[in-house]
Amino acid sequence: MRQKTETGHSAALVSRRSILGTTLPAAAWLSSRSSASAAEVSTSSARTTAIDSVLQNAVHSGSLVGATVLVSEHGKIVYERAFGSADREAGIATQTGTLFRLASMTKPVICVAALALMEQGKLSLDAPVTQWLPDFRPALPDGRQPVITIRHLMTHTAGLGYGFLEPETGPYHRKGISDGLDHARLTLQENIARIATVPLLFEPGTAWHYSLAIDVLGGVIERVTGLTLPTAIRTLVTGPLGLTSLAFSIPQGTPIAVPYADGGTGGAIRMTDPFQLKFGPGHIVYSPSRAFDPAAWPSGGVGMVGTAGDYLRFAEAIRTGGSGVLKPESVAAMTTNAIGTLPVGAAGPGFGWGLGVAVLTDPTRAGLPLSPGSWNWSGLYGTGFWVDPARELSAVALTNTAVAGMSGIFPRALRHAVYTA
């Protein structure tokens with residue numbers, strides 16, 4: 001039976017007892033720095049206290065069930081702790097090595113793979129998608145079939161959409177298109193074929209709209225490499241970087257954080273399978289069991305799982321110039337605003353978009369303490385990360401509460417806490 005909550009995407013702040021688990025490698029690292037000045041230690045201690053407070057408040061108020069947060073600065077871990085429950089009902093505490101469903105934090109990984117293929121001369125940013133997917137020819141409402149390029153896919157300017165962003169009577173629902181979070185019995189190729197039957201929202205390149213574009217890019221990667229998307233990503237990105245936890249599926253019984261959803265006055269609700277969460281004009285449809293099914297179609301937009309530690313290593317690899325997976329020039333292209341002044345609705349004021357990530361162009365408009373040029377993204381299971389190149393800082397926050405861990409009070413408070421002086 002499908003369980004539904006109608007609370008929308010705001011987390012209810014309701015008191016609820018939670019298990020608190022913490023680890024202290026960051027503090028241990030600080031105490032070992034014999035050369036650290038008192039000011040350095042004091043500043044770092046103030047930041048640790050501020051982050052702890054944000055996490056404790058979120059868990060004890062009931063906004064979040066569990067979370068793992070890692071922060072790296074100047075290449076060193078300065079914060080690494082876990083709070084709350086990986087499984088509230090079973091009394092299992094979250095650990096720093098807990099596995100989470102990453103949802104849209106999958107997208108930057110896929111985009112790195114595409115850029116790696118460009119460096120190999122196997123893919124071209126401004127080539128038409130039809131060069132690899134000849135039947136992918138979605139039309140505008142007037143019947144014209146414009147050229148959609150790889151650049152359009154990577155910048156979400158292709159004119160595609162998402163089912164969860166439209167009413168349940170919308171075209172993506174009518175065509176049975178999967179957003180990748182459900183457990184639709186489709187292949188990647190079948191889902192892409194269905195996407196191609198829906199009219200484009202606008203002329204490619206003229207607007208920004210969050211979409212299934214990176215799932216289409218995953219189909220392109222399969223054609224270019226002759227490999228399944230999971231194998232291609234393992235070959236191009238996660239394998240070379242040693243990110244063993246980042247995967248599209250895990251064996252049945254593998255411990256992974258139980259997902260919860262914002263539940264109004266009753267607190268966070270343990271997700272059933274499937275589970276619907278009211279979001280904007282429609283619903284997000286989740287199937288948590290999808291992570292255990294190796295036959296589920298590999299969603300380049302939302303399909304991966306991983307630990308905070310591995311995702312931090314991924315973010316740091318890109319921040320420091322590509323770590324052999326990408327050249328610094330490709331990293332710069334990925335993390336620089338590539339869409340001019342087009343508004344990025346899903347990120348909000350002060351953000352542009354690069355080749356796979358949101359890019360902060362105006363911290364004042366965004367109301368954030370991050371440096372200009374910082375880049376980030378988040379996921380609908382309640383996850384998020386950001387990288388501040390100017391500060392040489394990377395942060396990953398994985399929670400198991402949708403969508404309070406991704407949007408609203410918690411992620412904003414966490415960003416301010418990380419920059420506590």
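Side chains are part of it too, since the values below use all heavy atoms of this structure and drop only hydrogens, waters and symmetry mates.
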Looking only at the side chains, is there a donor atom on one of Tyr172 and Asp179 sitting less than 3.5 Å from an acceptor on the other? no
So do the side chains of His283 and Leu277 get within less than 4.5 Å of each other, counting heavy atoms only? no
May I have all residue pairs that pass side-chain hydrogen bond (donor to acceptor under 3.5 Å, both in side chains) and include part of residues 236-254, sequence neighbours excluded? Ser245-Thr307, Ser245-Asp310
For residues 342-370, pull every pair meeting ring pair (Phe, Tyr, Trp, His ring centres under 6.0 Å), keeping only residues two or more places apart or in separate chains. His156-Trp353, Trp208-Trp353, Trp353-Trp377
Min side-chain heavy-atom separation Pro108-Val357 under 4.5 Å: yes
According to the ring pair (Phe, Tyr, Trp, His ring centres under 6.0 Å) rule, which pairs have a member within residues 391-417, sequence neighbours left out? none
Taking only residues two or more places apart in sequence, or in another chain, which ones meet Tyr381 in a ring pair (Phe, Tyr, Trp, His ring centres under 6.0 Å)? Tyr286
Please answer whether the main-chain N or O of Gly282 pairs with a side-chain N or O of Glu168 as donor and acceptor at a distance below 3.5 Å. no
Nearest heavy-atom contact between Ile148 and Leu153 is CG2-CD2, 4.2 Å
Applying side chain to side chain donor-acceptor pair (under 3.5 Å), run through Thr68 and Gln95 and close with a yes or a no. CA-CA 7 Å; Thr68 296; Gln95 304 293 330; over 6 Å; no
With side-chain contact (heavy atoms from CB on, under 4.5 Å) as the test, would you mind laying out the steps for Leu102 and Leu398 before giving the verdict? CA-CA 8 Å; Leu102 298 174; Leu398 303 186; 3.9 Å; yes
Will you find, in the side chains of Asp273 and Ser289, an N or O donor that is under 3.5 Å from an N or O acceptor? yes
Given side chains that start at C-beta, do those of Glu166 and Pro281 come closer than 4.5 Å, heavy atoms only? no
Sorted by chain and number, sequence neighbours left out, side chain to side chain donor-acceptor pair (under 3.5 Å) with Thr155 holds for Thr157
Tell me, with the steps shown, if Val112 and Leu326 meet side-chain contact (heavy atoms from CB on, under 4.5 Å). CA-CA 7 Å; Val112 166; Leu326 289 182; 3.9 Å; yes
Given side chains that start at C-beta, do those of Leu212 and Ile177 come closer than 4.5 Å, heavy atoms only? yes
Closest approach of Ala417 to Val54 (non-hydrogen atoms, all atoms of both residues): CB-CG2, 3.8 Å
Atom CG of Leu414 and atom CG of Leu55: how far apart are they, to the nearest 0.5 Å? 6.0 Å
Less than 4.5 Å apart, side chain to side chain, heavy atoms only: is that true for Thr401 and Ser63? no
Here the pair of heavy atoms bringing Cys111 nearest to Gly356 is SG-CA, 3.6 Å
Side-chain touch Leu133/Val220, heavy atoms, less than 4.5 angstrom: yes
Take Thr228 and Thr231 through the side chain to side chain donor-acceptor pair (under 3.5 Å) test and state the conclusion after the steps. CA-CA 5 Å; Thr228 66; Thr231 301; 3.0 Å; yes
Separation between OH (Tyr210) and OG (Ser104), nearest 0.5 Å, reads 2.5 Å
Kindly say whether Leu125 contributes a backbone atom to a donor-acceptor pair with the side chain of Arg151 at under 3.5 angstrom? no
Looking at CE of Met304 and CG of Leu229, how far apart are the two atoms once the value is rounded to the nearest 0.5 Å? 8.0 Å
Look at the side chain of Arg88 and the backbone N and O of Ala268, then say whether any donor-acceptor pair between them is shorter than 3.5 Å. yes
Donor-acceptor under 3.5 Å (His60 side chain, Asn57 main chain): no
Tell me every residue that passes side-chain contact (heavy atoms from CB on, under 4.5 Å) with Ala113, counting only those two or more places apart in sequence or in another chain. Ile221, Ile233, Leu236, Val237
Ionic contact status for Glu316 with Arg313, cut-off 4.0 Å: no
One pair to check against side chain to side chain donor-acceptor pair (under 3.5 Å): Asp388 and Ser371. What are the steps and the verdict? CA-CA 6 Å; Asp388 186 332; Ser371 308; 3.0 Å; yes
For Lys122, enumerate each residue passing the side chain to side chain donor-acceptor pair (under 3.5 Å) test, keeping only those at least two apart in sequence or located in another chain. Gln120
Can you tell me if Arg223 uses its side chain to pair, donor with acceptor, with the backbone of Gly219 under 3.5 Å? no
Between the main-chain N or O of Leu227 and the side-chain N or O of Thr225, is there a donor-acceptor pair closer than 3.5 Å? yes
Which heavy-atom pair separates Ser323 from Leu241 by the least distance, and what is that distance? CB-CD2, 3.9 Å
Any heavy-atom pair between the side chains of Thr98 and Phe100 that's under 4.5 Å? yes
Using the test ring pair (Phe, Tyr, Trp, His ring centres under 6.0 Å), find all partners of Phe164 that sit at least two apart in sequence or belong to another chain. Tyr162, Phe279
Using modelled atom types and a 3.5 Å cut-off, is there a donor and acceptor pairing between side-chain atoms of Asn337 and backbone atoms of Gly352? no
Donor-acceptor contact present, side-chain Thr335 to main-chain Val331, <3.5 Å: yes
Spacing of Ile409 atom CD1 and Leu64 atom CG [to the nearest 0.5 Å]: 10.5 Å
For Asp215, side chain to side chain donor-acceptor pair (under 3.5 Å) partners two or more places apart: Ser299
Contacts of type side chain to side chain donor-acceptor pair (under 3.5 Å), residue His209, not counting sequence neighbours: none
Between Leu200 and Leu160, what is the shortest heavy-atom contact and its length? CD2-CD2, 3.6 Å
Can you list the residues that meet the ring pair (Phe, Tyr, Trp, His ring centres under 6.0 Å) rule with Tyr311, with sequence neighbours excluded? Phe314, Phe385
Report yes or no: is the cationic atom of Arg290 (NZ for Lys, CZ for Arg) under 6.0 Å from the centre of the six-membered ring of Trp297, at an angle within 45° of the ring normal? yes
Exercise: do Glu392 and His74 side chains pair donor with acceptor under 3.5 Å: yes
Quick check: does any side chain N or O of Asn400 sit under 3.5 Å from a backbone N or O of Val258, one acting as donor and the other as acceptor? yes
Hey, could you give me the CZ/CG distance between Arg319 and Leu393, rounded to the nearest 0.5 Å? 8.5 Å
Nearest-0.5 Å distance that lies between atom CG in Leu117 and atom CG in Leu217: 9.0 Å
Under 4.5 Å between any side-chain heavy atoms of Met154 and Lys107, yes or no? no
Where Leu360 and Ala366 come nearest, the two heavy atoms and their spacing: CD1-CB, 3.6 Å
Can you tell whether the side chains of Lys278 and Asp262 come within less than 4.0 Å, N to carboxylate O? no
Residue pairs meeting ring pair (Phe, Tyr, Trp, His ring centres under 6.0 Å), one or both in residues 235-260, sequence neighbours left out, come to none
Could Glu73 and Arg47 be called an ion pair, given the rule that one side-chain N must be under 4.0 Å from one carboxylate O? yes
